[in-house]
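Notes to accompany the following structure.
This structure is a prediction, so every number in the text was calculated from the model and none was measured. Numbers restart at 1 for each chain; the letters A, B, ... are given by sequence-line order, proteins then strands.
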Number of protein chains: 2
Amino acid sequence: MIYTIKAVAEKTQLSIDTLRYYDKEGLLPFVSRNRSGYRAFTDGDLRLLKTITCLKNTGMKLREIRQYIAYVMQGPSSVPQRQAMLTAHRATILAEQQRVLANLKELDMKLDIYNSPQATELITVERAYAKAEKVANGLQDPYQ
Amino acid sequence: MIYTIKAVAEKTQLSIDTLRYYDKEGLLPFVSRNRSGYRAFTDGDLRLLKTITCLKNTGMKLREIRQYIAYVMQGPSSVPQRQAMLTAHRATILAEQQRVLANLKELDMKLDIYNSPQATELITVERAYAKAEKVANGLQDPYQ
DNA sequence: ATAAACCCTCGACCTAACTCCAGGGCAAGC
DNA sequence: GCTTGCCCTGGAGTTAGGTCGAGGGTTTAT
């Protein structure tokens, strides 16, 4: 099957403008044109596009994705490089997940305070302490 | 204790420019100035800054963080709003983690192929298929 | 009392990743 | 053969989140 850019936009959830932008940025060297100069996407192109969105959705920069696609265009000889890229990216993703989880834990502690029955009291005390710290140092009190 | 912007930058891993940028954007209404107009950070300010970086590290936009801080400045009366914001943000974080994990699973399938002993063969076949698809549709073959 | 190291503001500049628009070519239905 | 709806390019504009430099005041050590 051949798909127009509009059909691909619908299938991939990327906008037409984004697809053209990706092409301009060299992410879609595999997309051919028909006699009128229109982009003609094949099913194979859609599979590569799927890979691109996977990489993008996991936070890879367009510049790196372009490099990965360049390896793909190069053929089977670049398998080691692709393997290395994906393995490194995989580690980056997992590290980022851990970083987010650590921060989430901190936020959950804040939520515990807000959810506690003494929330108002705890907040009031903390605020009084922050005010006192300002006053003790001769600073203007931003809490009024 | 009172800290200069430089000391805070070192403690928080944010650059001095970023701290000033956050202040300009209204994220640091709690930071007071000394007689010379220099920012004077207290320990309480550092705790709030820690909250800000937690929110930022989990993907919250500066505009939302500003709103959260505005609630904090408002005092204990805004506890319900803060609770709502953090709870909603928590859900956003978890959803994003799931989204990333789903995409990671896809990438792992690609990696499985690259790691397989028949990697080169599999890639070669896939490429031949993609080429054939182009030719069959009278398109130029971008794989040479 | 002077040099070095800070601090301030303001405004320009930057990067990534789009998004939009103008101007113009093709395609499909009536 | 005309209208409507696609498609194209090039280039300008946008948003988020900084980053940098100029010009000028302050603090600290010698």
Would you mind reading off the distance between [X] atom [atom1] and [N] atom [atom2], rounded to a whole angstrom?
X	N	atom1	atom2	answer
Arg66(B)	dG17(D)	CZ	C1'	13 Å
Gln13(B)	dG18(D)	CD	C1'	17 Å
Leu14(A)	dA17(C)	CG	P	13 Å
Glu64(A)	dA17(C)	CD	P	10 Å
Leu28(B)	dC8(C)	CG	P	12 Å
Arg63(B)	dG17(D)	CZ	P	8 Å
Ile5(A)	dT9(D)	CD1	C1'	12 Å
Leu19(A)	dC8(D)	CG	C1'	14 Å

inquiry  = One thing to verify: whether Asp17(A) and Lys24(A) come together as a salt bridge, which I'm taking to mean a side-chain N less than 4.0 angstrom from a carboxylate O.
reply    =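 The answer is no: the pair does not qualify as a salt bridge.
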
inquiry  = Strictly below 4.0 Å, N to O, side chains only: are Lys61(B) and Glu64(B) in salt-bridge contact?
reply    = no

ask   = With the sugar-phosphate defined as primed atoms, P, OP1 and OP2, and the base as all remaining atoms, what B/S/- string results for nucleotides 19-24 of chain D, 5' to 3', for protein heavy atoms under 4.0 Å?
value = BB----

query = Which one, dC18(C), dC7(C), dT9(D), comes nearest to the side chain of Ile16(B)?
reply = dC7(C)

query = Taking C-beta and beyond as the side chain, do Lys56(A) and Leu14(A) meet within less than 4.5 Å on heavy atoms?
reply =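 Yes; the side chains approach each other to less than 4.5 Å.
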
[X] side chain N/O closer than 4.0 Å to the phosphate oxygens (OP1, OP2) of [N]?
X	N	result
Tyr22(B)	dG18(D)	yes
Ser36(A)	dC8(D)	no
Arg39(B)	dC8(C)	yes
Arg20(A)	dT9(D)	no

Would you please name every residue forming a side-chain hydrogen bond (donor to acceptor under 3.5 Å, both in side chains) with [X], sequence neighbours left out?
X	value
Asp108(B)	Arg90(A)
Thr124(B)	none
Asp23(B)	Arg33(B), Arg39(B)

Taking side-chain contact (heavy atoms from CB on, under 4.5 Å) as the definition, give me every residue that meets it alongside [X], ordered by chain and number, with sequence neighbours left out.
X	answer
Tyr21(B)	Glu25(B), Leu62(B)
Gln140(A)	none
Lys131(B)	Asp141(B), Tyr143(B)

inquiry  = Show me the pairs that pass side-chain hydrogen bond (donor to acceptor under 3.5 Å, both in side chains) and involve residues 2-14 of chain A, at least two apart or across chains.
reply    =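 Residue pairs with at least one partner in residues 2-14 of chain A: Tyr3(A)-Asp43(A).
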
task = Look at all strands and tell whether Arg33(A) reaches a base, only sugar-phosphate, or nothing, counting heavy atoms closer than 4.0 Å.
result = sugar-phosphate

ask   = Which of residues 43-62 of chain A have a heavy atom under 4.0 Å from DNA chain C?
value = Lys56(A), Lys61(A), Leu62(A)

Of Arg35(A) and Ala40(B), the one whose closest DNA chain C nucleotide lies more 5' =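 Whichever sits nearer the 5' end wins; that is Ala40(B).
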
